[in-house]
Amino acid sequence: MPRPRIEVTGLGKSYGQVQALTDVSLQVGPGVVLGVLGHNGAGKTTLVDILATRSKPTSGTAKVCGWDVARFGHHVRRHIGMTSQFTSVDDTMTGRANLMLVARLLGASRKQADDRAEELLTSFDLTEAADRKAATYSGGMRRRLDLAVGMIAGPDVLFLDEPSTGLDPVSRSGLWDLVEKLAKDGTTIVLTTQYLEEADRLAHDIVVLAGGHVVASGTPERLKAGIGQRTASVRFPDARATHYAVGVLGYAGMTPLADFGICAVQIPLAEPGDIALLVRALDSAGLPIMDLTVTEPTLDDVYVALHRAAQEKAAQVVGQTA
Ligand SMILES: Nc1ncnc2c1ncn2[C@@H]1O[C@H](COP(=O)(O)OP(=O)(O)OP(=O)(O)O)[C@@H](O)[C@H]1O
Ligand SMILES: [Mg+2]
């Protein structure tokens, strides 16, 4: 196994009385996209800021590319790129000048900076606006410029804090392609997002934060398999057939849930062979299937279930202390 690019152990951060992160541990390897999910205030930005050396942990340790973030920030910064939740573009300069400036600060020659700026302006579809002041950019264009700035150095580890907020669907899809390409080329990417679809599409691994704690982690597939349920939905010609189907399926050991209004039955699928079993049972009972669809669980299901569990736990604690 290659050495992890990010190693976090028992990480905590408090701001006075506010415990923003508690006992967070994780590892991220080269070329891996880690999706960090969680409600507003869950601790996503706090985690990213510590890893990007913008703030210091109050407990635990974090290493990026082998360097402890609290003690060797200057080494860490040579390996990382970052786009924060709030843009850090200089409005008084053109898009190109913003990129050139950062490239030059990072030690590129004039020619190298020029080439890199051109490359990124093309990737982010900003060539036409390149020589206009950033103050004249739309919100989405500024966001794209900000992302381009974060990617200038071609870093080993890239932190993207809610990168697609405010992007239109076309820009978002462009960003996704770019993230996929960077990861394929070996860049480690930590991406916080409110869009579960984005995490599902891009992330190889996910951590879900709630109240500063990791409440779930794993591959999107594992998280979905652990919580979400594959469900078959079968439609029948009339309510009578629907009633009959409920009996037949119950007898076959399934737990059908009927909606007689639309003559449909939903059946949770626990085992891979359940669909064959379902079709055989209905067919041998002479029941005509008008339509059969199978719904896979989504990360939304996982997220909703986790949030509900966290709320129930909080309610229990309140109940106990009341
Ligand atoms: N500088 C600060 N001083 C005091 N409290 C802070 C500070 N920064 C963050 N917090 C608190 O820490 C907690 C985690 O905040 P954080 O910004 O990490 O959340 P987040 O998951 O990024 O939320 P969002 O989705 O809104 O961006 C919140 O309760 C927040 O109020
Ligand atoms: Mg945040």
Side-chain angles (χ1 to χ4, degrees), residues 6 8-26 28 33-62 64 69-70 73 76 80-89 139-140 142-144 146-147 149-151 157-167 172 175-176 179 188-203 205-218 220 223 299-300 302-311 313-315 317-318:
I6 301 177
V8 173
T9 315
L11 198 70
K13 172 84 182 176
S14 57
Y15 295 102
Q17 298 286 53
V18 180
Q19 189 67 32
L21 276 186
T22 307
D23 197 21
V24 171
S25 297
L26 52 89
V28 199
V33 180
L34 174 74
V36 180
L37 301 179
H39 272 43
N40 292 142
K44 304 180 297 295
T45 297
T46 303
L47 174 63
V48 166
D49 279 355
I50 291 173
L51 295 177
T53 76
R54 288 155 63 104
S55 100
K56 285 207 190 305
T58 39
S59 57
T61 57
V64 173
V69 293
V76 171
I80 64 172
M82 157 115 199
T83 312
S84 79
Q85 200 170 353
F86 310 100
T87 66
S88 50
V89 164
R142 294 160 65 87
R143 187 89 219 152
R144 280 183 272 150
D146 199 40
L147 288 165
V149 169
M151 292 183 189
V157 179
L158 184 61
F159 297 101
L160 302 175
D161 195 4
E162 305 208 16
S164 56
T165 303
L167 291 187
R172 184 172 299 167
L175 168 71
W176 291 358
V179 167
T188 296
I189 296 167
V190 177
L191 170 127
T192 79
T193 182
Q194 300 280 352
Y195 301 102
L196 301 175
E197 187 200 350
E198 178 167 275
D200 210 357
R201 155 92 187 261
L202 295 176
D205 264 318
I206 285 182
V207 296
V208 184
L209 294 176
H213 294 262
V214 175
V215 292
S217 61
L223 288 173
L299 269 185
D300 288 73
V302 175
Y303 196 73
V304 168
L306 285 169
H307 188 59
R308 195 174 298 140
Q311 277 181 327
K313 204 168 149 197
V317 173
V318 171

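All values derive from a computational prediction rather than experimental measurement. Order of listing sets the numbers, starting from 1, for every ligand and every atom in it.
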Check each atom of ligand 1 against the heavy atoms of [X] and keep those under 4.0 Å away; list them by number with element.
X      : answer
Glu162 : 25 (O), 27 (O)
Thr45  : 17 (O), 18 (O), 20 (P), 22 (O), 27 (O)
Gln194 : 25 (O)

Contact (N/O only, under 3.5 Å) between Ala42 and ligand 1
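Checking ligand 1 against Ala42, an N or O pair does fall under 3.5 Å apart.
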
Would you say Val18 and ligand 1 have an N/O pair spaced under 3.5 Å apart?
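By distance alone, the answer is no.
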
Are side-chain heavy atoms of Glu198 and Leu191 found at a separation under 4.5 Å?
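They are in side-chain contact.
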
Check each of Leu21, Thr46, Leu37 against atom 16 (P) of ligand 1 and report the one with the nearest heavy atom.
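Looking at heavy atoms only, the winner is Thr46.
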
With sequence neighbours excluded, tell me which residues meet salt bridge (charged side-chain N to carboxylate O under 4.0 Å, His left out) with Arg201.
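Arg201: salt bridge (charged side-chain N to carboxylate O under 4.0 Å, His left out) contacts with Asp177, Glu180.
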
Gly38 to ligand 1, any heavy atom closer than 4.0 Å
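No.
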
List the atom pairs, with distances to 0.1 Å, where a side-chain N or O of residues 10-26 and a protein N or O form a donor-acceptor pair under 3.5 Å, not counting sequence neighbours.
residue, atom, partner, partner atom, Å
Lys13, NZ, Lys56, O, 2.6
Gln19, NE2, Leu21, O, 2.8
Ser25, OG, Gly10, N, 2.9

N/O/S of Asn40 less than 2.8 Å from the Mg ion (ligand 2)?
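No - counting backbone and side chain alike, Asn40 has no N, O or S atom under 2.8 Å.
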
Side chain to side chain donor-acceptor pair (under 3.5 Å) between Gln194 and Thr165, intermediate numbers included:
CA-CA 8 Å; Gln194 300 280 352; Thr165 303; over 6 Å; no

Considering only heavy atoms, does His39 approach ligand 1 within less than 4.0 Å through its side chain, its backbone, both, or neither?
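His39 to ligand 1: backbone contact only, side chain stays beyond 4.0 Å.
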
So, does Lys44 use its side chain to make a donor-acceptor pair with the main chain of Gly38 at under 3.5 Å?
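Yes, the answer is positive, given that a donor and an acceptor are paired below the 3.5 Å cut-off.
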
Give a yes or no answer on whether the side chain of Arg142 reaches the backbone of Val89 with a donor-acceptor pair at less than 3.5 Å.
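Absent.
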
So which atom in Leu223 and which in Gly218 form the shortest heavy-atom distance, rounded to 0.1 Å?
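Of all heavy-atom pairs spanning Leu223 and Gly218, the closest is CD1-O, 4.0 Å.
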
